[in-house]
Visitor: 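Structure in structure tokens, see below.
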Amino acid sequence: MAIRKSHKLTQSAVLKQILKRCSSLGKKHGYDDEDGLPVDVPKGHFAVYVGENRSRYIVPISFLTLPQFQCLLRQAEEKFGFDHDMGLTIPCEEVVFRSLTAMLS
């Protein structure tokens with residue numbers, strides 16, 4: 001059995017990458033020129049894309065510290081990485097995501 005080298009980042013490093021990625025999307029249409037944030041996302045929230053149809057959801061930043069949401073972020077990192085043009089994409093079914101976020105709220 002081969003020993004697999006871990007490339008996992010610390011929790012704070014992952015959270016910083018996510019926040020940086022969410023705020024760096026400001027160069028696209030629909031984003032405020034001044035602060036680079038989406039015009040339809042309230043302060044203290046960020047957008048994620050979920051499911052096969054990549055439906056957009058707005059979630060509070062406080063979710064980033066919850067273990068259940070961090071599990072989804074790890075799955076997203078493993079499947080898509082954080083360096084792509086689609087925004088933060090969560091690889092799960094919409095019904096599961098809605099159920100989880102309702103529980104976390």
Side-chain angles (χ1 to χ4, degrees):
M1 183 157 115
I3 298 175
R4 202 169 106 190
K5 190 175 181 182
S6 177
H7 295 286
K8 294 192 178 194
L9 298 172
T10 65
Q11 177 182 354
S12 63
V14 170
L15 294 176
K16 285 178 186 177
Q17 279 186 344
I18 292 166
L19 291 174
K20 183 178 177 184
R21 176 72 181 134
C22 290
S23 64
S24 70
L25 295 173
K27 296 175 182 153
K28 297 182 179 172
H29 181 68
Y31 292 78
D32 188 312
D33 289 335
E34 223 174 275
D35 59 17
L37 299 175
V39 293
D40 64 336
V41 177
K43 187 174 183 172
H45 292 74
F46 64 102
V48 296
Y49 299 88
V50 180
E52 280 186 32
N53 297 325
R54 303 282 194 260
S55 298
R56 188 169 185 253
Y57 290 88
I58 308 300
V59 296
I61 288 177
S62 62
F63 279 14
L64 294 173
T65 61
L66 302 175
Q68 301 90 333
F69 199 79
Q70 288 178 6
C71 181
L72 290 177
L73 295 176
R74 280 191 293 279
Q75 291 173 12
E77 180 185 23
E78 289 171 7
K79 184 164 184 173
F80 305 113
F82 290 119
D83 188 26
H84 58 84
D85 294 331
M86 290 294 297
L88 182 57
T89 305
I90 306 292
C92 74
E93 295 179 19
E94 286 184 65
V95 68
V96 173
F97 183 80
R98 284 193 304 264
S99 176
L100 176 65
T101 55
M103 234 178 28
L104 297 176
S105 295

Visitor: Find out if a path of hydrophobic residues (ILVMFWY) with successive side-chain heavy-atom gaps under 4.5 Å connects Y57 to V95.
Guide: no

Visitor: Linking I/L/V/M/F/W/Y whenever their side-chain heavy atoms sit closer than 4.5 Å, directly or via other members, would I61 and L73 fall into one cluster?
Guide: yes

Visitor: Between R56 and V41, does a side-chain contact (heavy atoms from CB on, under 4.5 Å) hold up when you go through it step by step?
Guide: CA-CA 11 Å; R56 188 169 185 253; V41 177; 3.4 Å; yes

Visitor: Restricting to side-chain contact (heavy atoms from CB on, under 4.5 Å), what partner residues turn up for R54, sequence neighbours left out?
Guide: Y49, F80, M86, T89

Visitor: Among V50, V48, L72, which residue meets the side chain to side chain contact (heavy atoms under 4.5 Å, CB included) test with L88?
Guide: V48

Visitor: Are I90 and Q75 close enough that some pair of their side-chain heavy atoms sits under 4.5 Å apart?
Guide: no

Visitor: Restricting to side-chain contact (heavy atoms from CB on, under 4.5 Å), what partner residues turn up for P60, sequence neighbours left out?
Guide: H45, S62, F63

Visitor: Among all residues two or more places apart in sequence or in another chain, which pass the salt bridge (Lys or Arg N to Asp or Glu O under 4.0 Å) test with E94?
Guide: R98

Visitor: How far does SG of C71 sit from CG of L66, to the nearest 0.5 angstrom?
Guide: 12.5 Å

Visitor: Who are the side chain to side chain donor-acceptor pair (under 3.5 Å) partners of S99, not counting sequence neighbours?
Guide: none

Visitor: Verify side-chain contact (heavy atoms from CB on, under 4.5 Å) between F46 and V59, making sure each step is shown before the conclusion.
Guide: CA-CA 6 Å; F46 64 102; V59 296; 3.4 Å; yes

Visitor: Under the 3.5 angstrom rule, does the side chain of Q68 hit a backbone N or O of L104 as a donor-acceptor pair?
Guide: no

Visitor: One pair to check against side-chain contact (heavy atoms from CB on, under 4.5 Å): F97 and F69. What are the steps and the verdict?
Guide: CA-CA 10 Å; F97 183 80; F69 199 79; 3.9 Å; yes

Visitor: Closest approach of P91 and K79, non-hydrogen atoms and distance?
Guide: CB-CD, 3.7 Å

